[in-house]
A.B. asks: 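Please read through the structure below; I'll follow up with questions.
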Amino acid sequence: MLAAEADELDRAAEAALRPRRLAEFIGQPVVRDQLSLVLDAANARGRTPDHVLLAGPPGLGKTTLAMIIAAEVDGALRLTSGPAVQHAGDLAAILSALQEGDVLFIDEIHRLARPAEEMLYLAMEDFRVDVVVGKGPGATAIPLSLPRFTVVGATTRSGLLPAPLRDRFGFTAHMDFYSTAELESVLRRSARLLGAELEDSAAAEIAKRSRGTPRIANRLLRRVQDWAQVRGTGELDHAAAMAALEVFEVDVLGLDRLDRSVLRALCERFGGGPAGLTTLAVAVGEEPETVETVAEPFLVREGLMARTPRGRVATAAAFAHLGLSAPNQPGTLWD
Ligand SMILES: Nc1ncnc2c1ncn2[C@@H]1O[C@H](COP(=O)(O)OP(=O)(O)OP(=O)(O)O)[C@@H](O)[C@H]1O
């Protein structure tokens, strides 16, 4: 329910909710300002804009921004992703089909295979690919020049990007989590597009629990709509929001059942920790990887849990959130 990654249902629903132009894009003021400068300058010069890297966690609008960039420069958008390009030949095929002014969106660009990455360096810098013909000592590289195009790379792990690739982008836009007020605007806009009216207090409740992520906000809105239609009055009001969020076990901080059971185990069974990841995972009946990748990042971000060399530790805020009193032991985080 609160995963920031998209599933099939999200993808189908999201298409209708994506802002199409930069002016419609809510939040991310710094990124919007940087992009509008780069795109306006490119348009004024009649040139394709510099390559852009979009860095940030999933669900914050990287794909949406890539589509907006293409729309703003009147270019066609070609989409691919790092894992989809297994061989340099795959990338050569994509690059050689590009037209002047196209925008090539490469999602998860940090997962490109090495040979493809090297081919991309040359394509981004010199608008050229070397097509290798033949094998062994007789192989020759035939240079093929490409029309000017713009690469928009998206990554959730900009630290994994090799420096030579990072350097080929004209700039990197760092996307941040959205504020509650921004998410309320996203929700009001989505409701309008869905032909529904969303009460302000309902928007505030949903926004507060959406983990700073528009994708999650839109998903929760759909569940509130379901509740209103099936069990409520049809209105997207405060009562519908509260009831739907309760059905789906999303609490006031945006924690779901797994998050809470991890915290509860840490606080109640291990006295707040430190507890090792595996021990904690066994206590909640999950795989260590699930606890580490699904629950932990948000708990740490919210200041409810800390990772220390001795193991996971619950903070005073975690005890308070669960309505427990924190043990008073010197040397621990809640002291
Ligand atoms: N600034 C925004 N204003 C309004 N809606 C937004 C905004 N950013 C994202 N959204 C909505 O959130 C959803 C997810 O956005 P998007 O697919 O662009 O995220 P992403 O960062 O590319 O995620 P991923 O990396 O997981 O693909 C879209 O449906 C889009 O409508």
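Just so you know, these numbers come straight off a predicted model, no measurement behind them. Counting convention: from 1, in listed order, for ligands and their atoms alike.
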A.B. asks: Considering only non-hydrogen protein atoms, determine which one is nearest to atom 11 (C) of ligand 1 and report residue, atom name and distance to 0.1 Å.
C.D. replies: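 Of the protein heavy atoms, N218 ND2, 3.7 Å lies nearest.
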A.B. asks: My understanding is that we take every heavy atom of each candidate and find the minimum distance to atom 10 (N) of ligand 1. Doing that for P214, A154, P57, which one comes out nearest?
C.D. replies: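 Nearest heavy atom to atom 10 (N) of ligand 1 lies in P214.
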A.B. asks: Answer side chain, backbone, both or neither: which part of T156 comes under 4.0 Å from ligand 1, heavy atoms only.
C.D. replies: neither
A.B. asks: Relative to atom 25 (O) of ligand 1, which among E24, K62, R32, E108 owns the nearest non-hydrogen atom?
C.D. replies: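 It is K62 that holds the nearest heavy atom.
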A.B. asks: Could you list the atoms of ligand 1 found under 4.0 angstrom from a heavy atom of L17?
C.D. replies: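 The atoms of ligand 1 under 4.0 Å from a heavy atom of L17 are 31 (O).
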A.B. asks: Could you state the interatomic distance from CG (L194) to CG (L221), rounded to the nearest 0.5 Å?
C.D. replies: 6.0 Å
A.B. asks: Do G59 and ligand 1 have an N or O pair less than 3.5 Å apart?
C.D. replies: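 Yes; at least one N/O pair falls below 3.5 Å.
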A.B. asks: Need the ligand 1 atom indices (1-based, order shown) with element for anything under 4.0 Å from a heavy-atom of T64.
C.D. replies: 15 (O), 16 (P), 18 (O), 30 (C)
A.B. asks: Is G61 in polar range of ligand 1, meaning some N or O pair under 3.5 Å apart?
C.D. replies: yes
A.B. asks: Hey, does Y178 have a side-chain heavy atom less than 4.5 Å from the side chain of L60?
C.D. replies: yes
A.B. asks: Pairs in or reaching into residues 77-95: which pass salt bridge (charged side-chain N to carboxylate O under 4.0 Å, His left out), with residues at least two apart or in two chains?
C.D. replies: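 Output for this query lists R78-D102.
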A.B. asks: Closer than 4.0 Å to some heavy atom of R18 - which atoms of ligand 1 meet that?
C.D. replies: 15 (O), 16 (P), 17 (O), 18 (O), 28 (C), 31 (O)
A.B. asks: Among pairs that include at least one residue of residues 274-283, which meet salt bridge (charged side-chain N to carboxylate O under 4.0 Å, His left out), considering only residues two or more places apart or in two chains?
C.D. replies: none
A.B. asks: State if P19 counts as touching ligand 1 under the rule of any non-hydrogen atom under 4.0 Å.
C.D. replies: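 Yes, P19 has a heavy atom closer than 4.0 Å to ligand 1.
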A.B. asks: May I ask you to test the I68-L39 pair for a side-chain heavy-atom distance under 4.5 Å?
C.D. replies: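 With C-beta onward as the side chain, the pair stays apart.
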A.B. asks: Quick check on the hydrophobic clustering: are L266 and V291 connected, directly or via other members, by side-chain heavy-atom contacts under 4.5 Å?
C.D. replies: yes
A.B. asks: Does ligand 1 come near enough to R189 that some N or O of the ligand is less than 3.5 Å from an N or O of the residue?
C.D. replies: no
A.B. asks: So does R148 pair up with E100, basic N to acidic O under 4.0 Å?
C.D. replies: no
A.B. asks: Got P57 and T156 here, is their nearest side-chain heavy-atom distance under 4.5 Å?
C.D. replies: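 Side chain of P57 against side chain of T156, heavy atoms only: no contact under 4.5 Å found.
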A.B. asks: Answer yes or no: does an N/O atom from R215 fall short of 3.5 Å to an N/O atom of ligand 1?
C.D. replies: yes
A.B. asks: Where does L60 meet ligand 1, judged by heavy-atom distances below 4.0 Å: at the side chain, the backbone, both, or neither?
C.D. replies: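 The part of L60 near ligand 1 is the backbone, not the side chain.
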A.B. asks: Under a single-linkage definition using a 4.5 Å side-chain heavy-atom cutoff for Ile, Leu, Val, Met, Phe, Trp and Tyr, are L79 and V103 assigned to the same hydrophobic cluster?
C.D. replies: yes
A.B. asks: Identify, by atom number and element, the atoms of ligand 1 in contact range of I26, meaning under 4.0 Å from any of its heavy atoms.
C.D. replies: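 With I26 as reference, the close atoms of ligand 1 come out as 1 (N), 2 (C), 3 (N).
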